[in-house]
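This report refers to the structure that appears directly beneath it.
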Amino acid sequence: MKIVVVYTYILFLLPLITMANQVDSLASKDIAYLIEKLDELVHEKTHPNAMLYVQAYIRNAKKQNDKLNLFYAYKEGIFFSKELNIQLEYADSAIITARKLKNKELVATALLSKGLAYYKAKHYRESLQNYLNADHELKYSKDQYLLHKVTFNMAMIKIKLHQYNQAEELLLKCKTFFKTKPENKDYQAYLLNTIYQLACLHQEVGNKAKAKEFNQLGLNKSKLENNEFFHRYFTINKAIDEFLNEQYETAIQSLSTKEDILIKTNDFNTLTRIYYYKAKAFDKLNNQQHKIIYFNKIDSIFNEYNFLETKYRPIYENILNEALTDSDTSRQLYIVNQLLKMDELNYKLDAEMLQVVYKEYDTTQLLKLKEKLVSKSQKLYVVLVACFTGIIVLIIGIIKSRNKNKRLIEKYNLFIEESAETSYKEPKPSTRDEEDLNKEALESLLLKFEEFEQDREFLNPNITVVSLAKSFSTNTTYLSKCVNQYKGINFSSYINRLRIKFITDLLQEQPQYLNYSVGALGEIAGYMNPRQFSNVFYSETGLRPLDFIKIQKQKNKESK
């Protein structure tokens, strides 16, 4: 008996020991290697190796006492973790590390991540508290982009809590800010999302004119930017506008065109919204058969995900009234139970679900039946199903990989095209600006900028607005104003753009650099931290460094 216990204990510990050994082995790799591996898995969050790389990244950073990389490692842990409690542990560790670095922007970033984790788990009040804490950390910060990201997410909570006036006020602030940089992809993505949320908000409160105005703005802008993702959602919103304006048949037809893509992308929140308005439209057209079909689809989603927002309550009440008229007792009871369930889940989101209590003899009988059903034929069936599933998963993986590669090549071509056209916008200063800038001093300063770029001094990792102002024999205010007015961007963006342009040119013109690691390329560009380099590279090009290198190698091979 003791031997059996020992063997059972060993079998239980074996996977844990294997995992620990894998983490130990990976921890010997340098941080740049681990970051590269995590970047490769950014679209495969559930990959079994993801958390191994995260844990190795954390261990490596701790070993080197590198607090900045430790912070980024914890951030990766939040991103790749599946369970809320694990996400919160990583978030708290990131907050503690950021406080040790005495960096309020990093603290706010970690608090924002923690709030998002709570939001996805539908713990809205905890989510809002973390957003408010992040907002407090940014009270004196100059990082307006991060501040408005927090503001946007606070607005999302306000909508969930039905505080629509406050939500609209916050979203309008975000809209004003994010439209200030039309050349920045991150700003434009947030701008489209802000416009979309404003349109949804006005549909929710019944302001048809405003909803239509924001939807048309979003449709035009997403079409102009060739953003298929947001164009899809603004098209859905336009169909809802048609419903609100009593164009029921047109609304049904428009909504039907988007059902398949939402099923493929697992966006069941928006799919529920489509089913709801289609059910209501069919009701208005007195087509009860199709209304019931779409009500049942909503109910299936409710049962599968165990949650449904109270705004969909009217369709259940409508079906209940019909069941009462028909004296359908079983139908009545089912709808009443669903309504009670909806209320309980919405108003007691943090309450634990009551466990079903089974009688002892019921459980025993079920277990005996299960033992009888497990036979050789069933085992064979399971093996066959597993093999078939493996083949299907492999095929889906290949298709996804091809589609991903196609999207990345499109982003690469777009960046190369835009990069070839112009490096900077140099807007003409206003009369007031010209008065502020002394003509002779300005001409001298612009010549110094030319020399600065030609001599590639921007590759110096220690370059700051203060050090450059001292080098140019001017003050920081004058230098910043010159950059803003003649380069069309702020000082930080100016340096980042020069560095990324230099690296992408290097990768295109000198193939040997395609074999360098992300960390090595980052050091050449003037970034001491590989994660920072990877993030800036992505912001400027829309691609991760590894993706850019992969496509460039492919282009070089094709040109031979």
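Numbers here simply count residues along the sequence, with the first being 1. Basis for what follows: all heavy atoms, side chains included, without hydrogens, waters or symmetry-related copies.
For the pair K341 and F302, the cation sits on the ring face: its NZ or CZ lies under 6.0 Å from the ring centre, inside 45° of the axis.
Side chains of N69 and Y57: a donor on one and an acceptor on the other come within 3.5 Å.
Aromatic ring centres of Y316 and Y312: separated by at least 6.0 Å. Centroid-to-centroid, the aromatic rings of Y233 and F229 come within less than 6.0 Å. The distance between the ring centers of Y494 and F449 falls below 6.0 angstrom.
Of the residues listed (Y124, F152, Y131), the one engaging Y119 in a ring pair (Phe, Tyr, Trp, His ring centres under 6.0 Å) is Y124, and it is the only one. Shown are N529, N103, T97; of these, the side-chain contact (heavy atoms from CB on, under 4.5 Å) with L68 is made only by N529. Checked against V54 for a side-chain contact (heavy atoms from CB on, under 4.5 Å), the options L34, L38, L41 give a single hit: L38.
Shown here are the salt bridge (charged side-chain N to carboxylate O under 4.0 Å, His left out) partners of R499, two or more places apart in sequence or in another chain: there are none.
A salt bridge links D92 to K114: at least one charged side-chain nitrogen sits closer than 4.0 Å to a carboxylate oxygen.
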Only pairs under 3.5 Å count here: list side-chain donor-acceptor contacts from residues 190-198, not counting sequence neighbours, and write none if there are none.
| residue | atom | partner | partner atom | Å |
| --- | --- | --- | --- | --- |
| N193 | OD1 | Q197 | NE2 | 3.4 |
| T194 | OG1 | Y190 | O | 2.7 |

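Taking CG of N237 as the reference point, atom CD of Q203 lies at 4.0 Å (rounded to 0.5 Å).
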